[in-house]
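Residue numbering restarts at 1 for every chain, and letters A, B, ... go by the order of the sequence lines.
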Amino acid sequence: MPATATPAERVELKSGPPPAAPAGSGGRNWSTRRIERTIKYESDRNVGFGRDVMRVPGCEQLENCIQCGTCSGVCPLSIYMDHSPRQVMALTRADFRDEVLRSHTIWLCASCYACTVECPQQIRITDIMYELKQRAIDAGIYPRRFPIPVLAHEFTHMVRKHGRITELVLVIRLFLKTDWFAALGNWRLGLDLTRTGRFSLLTERIRRHGDIARMLDAVDQPKHPSP
Amino acid sequence: MKFAYFPGCSLKGLGRAYEESLLPVMRHLGLELEELDDWNCCGATAYMAVDEAKACVLAARNLALAERSGRDQLLAPCAACYLVLNKTKHYFHDYPAMKATIDRALAAVDLAYAGDTAVRHPLDVLVNDVGLDAIRQKVVRPLRGLKVATYYGCQLVRPYATFDDPYNPVTMDRLVEALGATVVRYPLKTKCCGGSLTGTVPEAGIRMVYILLNEARKRGADCLATVCPLCQFNLDAYHAQVRSEYGDVIVPTVYFTQLMGLAFGLPEKQLGLHRAAVPLRWRPPVPEVAHA
Ligand code: SF4
Ligand code: SF4
C-alpha cells in the first residue's frame, strides 16, 4: 500500500452543502446534479449571530471589516477552503450562522495568525475562527468524521483526565475514532518514531490531576457544559 | 540567570531532542532552568478550538505555579506553548471577565495568579539576555560551511511578537551566524507548516510541508533550523509522504539548540540528533589542535 493512503482520501473536503457552483464547471452529470439556490435570502439569517460573536473576547473588531480580502490572500489554506476567510468574516457579521458553521473553512484554519497580523482593521480573524469552531462543536454541525473536531475532543478529554498529552495514545485514539484503516498507511511514520525513541506509550500524568477537572468545572459556563 | 522552565508535552514526547539539546546548551552558558513542578498541558491549539475560557484556565495554572515558584520568568521553548501562555496573560490583563473566570478557577484549587510572570522563549533569552558575544565565546567548532535556512514558523512571532518582527524575524539568523554557519535567504521563514493538518487533512498538510522543504532545497540549504517541536516534526517525519506525492525533497530539520550544541562541541549523544527521521549528517570541521 502506498504511503499516500492517508485519511485524506476518505475525507470528502468538498462534501456538505456546496457553496456557489463554480462557473463553467462543465456539463457532466447533469442528470444527478442537484440544482441549488446560490443566492442567500434574508430568511437564511440567524439574526443576532454576528452580534453575539462580536461580544466574545478577541472578536470585537469584526464589525470594522472592510472586505479587502487581505486575509484570504495571505491564508496558506484558502486554496482548500469552500469559503475564503474574507467570506467567513462577511457571513458571520451578516448573521448567516448555518452557512458559516457548516463551512470547511473553520476546520482548515491552522491557527497560523498570518491573517491576523496582516488585517488592516486589526481584526483577530484567527480568534474568530476559534470561536466559530467552538460554536460548530457545540451545535454538533461539523462535517461527519472530519478528524479535526475529533482530535480536539480527544485532546481535551485527555487533558481533563491526566493534565498532559501523551502523543501516541492521542494518535491511536484519533485513528480508532475516525479511520483506523488510514493508520495502516502511516505505519512507516509510526515505525520511524518508535525507532528514534520519540513515541512513548507511557501515559503522562500530573500528580494533582484532579485539580484540572476541578478548575475546568469552576469555569462553569452555561454555554459550554463540561464534556 | 534562573528561569522557571515549562517543557510542555511535546518536549517530553515527539520533541524530546529539543529538550535534550536545550538543557545542556543552557547549562553550558550558565543559565539555570528549574522545571515547573507538576506543570500541565498548555492546551495548545486544540483546546482553544473547544473552549477559550477553559484553555486560558489551563494555561493560567502554569503561570500561577511559576509565580509560586518565586521565578519571575517562565521559559517556554515550544512555540505553541509560548503563544498560549502569552495569549492567556494578555487576556488576563485585557478582559476583566476572563480575569474573573481565571481567578475563580484557580481559587478552586488554591492557586492565584497576579499577572506578572514574563513568558520568554529561549531564542529571545539567548540573543537578548545572554548576548551574541557571550555565545560566540563558547563556540569551539564553528559551523563553517553549513548553509542553514532559518524557519520560525508562525506561532513564535505571531501575533504577540515581542522580541522580533512578525514579517521578517532575524533573531535566529543572527544566532546561527554567530555559530559560524551561513544563513541562506529563506522568504518562507514564517509560513505556516500546516500544524496538525499533516495528520488530519494530509492533502493540505503534506503540500505545505513540501513547499517549505522544496524552497529550502532550491535555496541551497543543508538544513532547516526550527524553534518549534511541531514544525520540526512536520518537516522531518513526513518525508516519505512528500516523496510519494511530489518526489524526493530531502532536507534535514534540526532545532537551533542542536546547532548550538554542535558549535559548542558538546557530546553528540546529548544533542538528540539521532532522533530525527532524516538526521543531519554534517559535522563541523574539527579545529586544528594547536601544537604543543
Ligand atoms: S483582512 Fe481584515 S478587513 Fe480585510 S477582509 Fe479580512 S478581516 Fe476584513
Ligand atoms: S489563521 Fe487560519 S484563516 Fe488565518 S491565515 Fe492562518 S490558516 Fe488562514
Side-chain angles (χ1 to χ4, degrees), chain A residues 2-4 6-8 11 13 56-58 76-77 80 107-108 110-114 116-117 124 126-127 130-131 133-134 137 147-148 151-153 155-156 159 163-168 171 174 188-189 192-193 196-200 204 206-208 211-212 214-219 221 224, chain B residues 9-10 12-17 38-41 43-54 57-58 61 91 94-95 97-98 101 104-109 154-155 158-159 166-167 190-192 194-197 199-204 206 208 237-238 240-241 244-245 274-277:
Chain A
T4 42
T6 45
V11 175
L13 277 176
V56 174
L77 271 321
Y80 296 101
W107 303 114
L108 281 163
S111 314
C112 76
Y113 289 91
T116 301
V117 295
R124 305 187 56 85
T126 314
D127 292 331
Y130 272 137
E131 176 63 22
K133 286 179 214 192
Q134 292 171 25
I137 290 177
I148 299 165
L151 174 69
H153 178 265
F155 188 100
T156 49
V159 174
R164 288 187 195 165
I165 291 300
T166 312
E167 287 143 331
L168 178 58
V171 169
L174 175 67
R188 246 180 102 178
L189 180 61
D192 260 356
L193 295 171
T196 53
R198 285 189 283 175
F199 252 166
S200 156
E204 289 271 346
I206 66 173
R207 280 199 316 279
R208 291 185 299 271
D211 280 9
I212 301 293
R214 226 166 294 137
M215 282 184 342
L216 294 175
D217 290 339
V219 174
Q221 282 180 312
H224 299 291
Chain B
C9 305
S10 279
K12 298 292 179 190
L14 290 176
R16 284 179 70 171
D38 211 33
W39 57 270
N40 61 272
C41 170
T45 54
Y47 224 114
M48 275 292 165
V50 174
D51 189 316
E52 187 175 72
K54 287 182 180 168
V57 162
L58 281 175
R61 177 174 181 269
Y91 275 28
D94 296 348
Y95 298 105
M98 188 62 89
T101 307
R104 189 174 64 230
L106 289 178
V109 292
C154 53
Q155 304 210 322
R158 292 194 295 260
Y167 300 100
T190 63
K191 190 184 159 76
C192 172
S196 56
L197 291 179
T200 51
V201 190
E203 64 267 70
I206 299 297
M208 295 168 84
Y238 289 99
Q241 282 87 334
S244 57
E245 284 290 315
H274 60 286
R275 299 219 185 263

Checklist entry - Do B/Glu52 and A/Val56 have side chains that get closer than 4.5 Å, going by heavy atoms? => result yes
Next on the checklist: Under the criterion side-chain contact (heavy atoms from CB on, under 4.5 Å), I'd like the reasoning laid out for B/Val109 against A/Ile212: C-alpha separation, chi angles, the key distance, then a yes or no.
Outcome noted: CA-CA 9 Å; B/Val109 292; A/Ile212 301 293; over 6 Å; no
Checklist outcome for this item: Taken to the nearest 0.5 Å, the spacing of A/Tyr80 OH from B/Leu197 CG works out to 9.5 Å
Checklist entry - Hey, does B/Cys41 have a side-chain heavy atom less than 4.5 Å from the side chain of A/Phe155? => result yes
Checklist outcome for this item: One should read off an interatomic distance between B/Asp51 CG and A/Ile137 CD1, to the nearest 0.5 angstrom, of 10.0 Å
Checklist entry - Would you find a donor on one side and an acceptor on the other, under 3.5 Å apart, between the side chain of B/Arg104 and the backbone of A/Val219? => result yes
Next on the checklist: How long is the straight-line distance from CG of A/Asp211 back to CG of B/Asn40, given to the nearest 0.5 Å?
Outcome noted: 9.0 Å
Checklist entry - Taking the side chain as C-beta and beyond, is there a heavy-atom pair between B/Lys12 and A/Thr166 under 4.5 Å? => result no
Checklist entry - Of all heavy-atom pairs between B/Ala105 and A/Ala218, which one has the smallest distance, and what is that distance? => result CA-CB, 3.8 Å
Checklist entry - Tell me, do B/Pro159 and A/Tyr113 make a side-chain contact under 4.5 Å, heavy atoms counted? => result yes
Next on the checklist: Under 4.5 Å from any heavy atom of chain B, what part of A/Val159 do you find: side chain, backbone, both or neither?
Outcome noted: side chain
Checklist entry - Would a distance-only check, ignoring hydrogens and angles, find a side-chain to backbone donor-acceptor pair under 3.5 Å from B/Tyr167 to A/Val117? => result yes
Checklist entry - By a 4.5 Å heavy-atom criterion (distance strictly below it), what part of A/Ile206 contacts chain B: side chain, backbone, both, or neither? => result both
Next on the checklist: If we count only N and O atoms by modelled type, under 3.5 Å, do the side chains of A/Asp127 and B/Tyr91 hold a donor and an acceptor together?
Outcome noted: yes
Item to check | Stepwise side-chain contact (heavy atoms from CB on, under 4.5 Å) check, A/Met215 with B/Leu106 | outcome: CA-CA 6 Å; A/Met215 282 184 342; B/Leu106 289 178; 4.1 Å; yes
Item to check | Worked check of side-chain contact (heavy atoms from CB on, under 4.5 Å) between A/Ser111 and B/Gln155 | outcome: CA-CA 8 Å; A/Ser111 314; B/Gln155 304 210 322; 4.1 Å; yes
Next on the checklist: Please enumerate all residues that pass side chain to side chain contact (heavy atoms under 4.5 Å, CB included) together with B/Ser10, with sequence neighbours excluded.
Outcome noted: A/Glu167, B/Pro229
Checklist entry - Which heavy-atom pair separates B/Arg158 from A/Cys112 by the least distance, and what is that distance? => result NE-O, 2.8 Å
Checklist entry - Looking at B/Ala108, B/Gly43, B/Ala49, which one has more heavy-atom pairs under 4.5 Å with chain A than the rest? => result B/Ala49
Next on the checklist: Using the rule given for side-chain contact (heavy atoms from CB on, under 4.5 Å), can you reason through B/Tyr47 versus A/Leu216, listing the C-alpha separation, both sets of side-chain angles and the distance that settles it, and then say yes or no?
Outcome noted: CA-CA 12 Å; B/Tyr47 224 114; A/Leu216 294 175; 3.4 Å; yes
Checklist entry - A/Pro57, A/Gly58, A/Ala114: which one forms the most heavy-atom pairs within less than 4.5 Å of chain B? => result A/Pro57
Checklist entry - What part of B/Met48 gets closer than 4.5 Å to chain A, counting heavy atoms only: side chain, backbone, both or neither? => result both
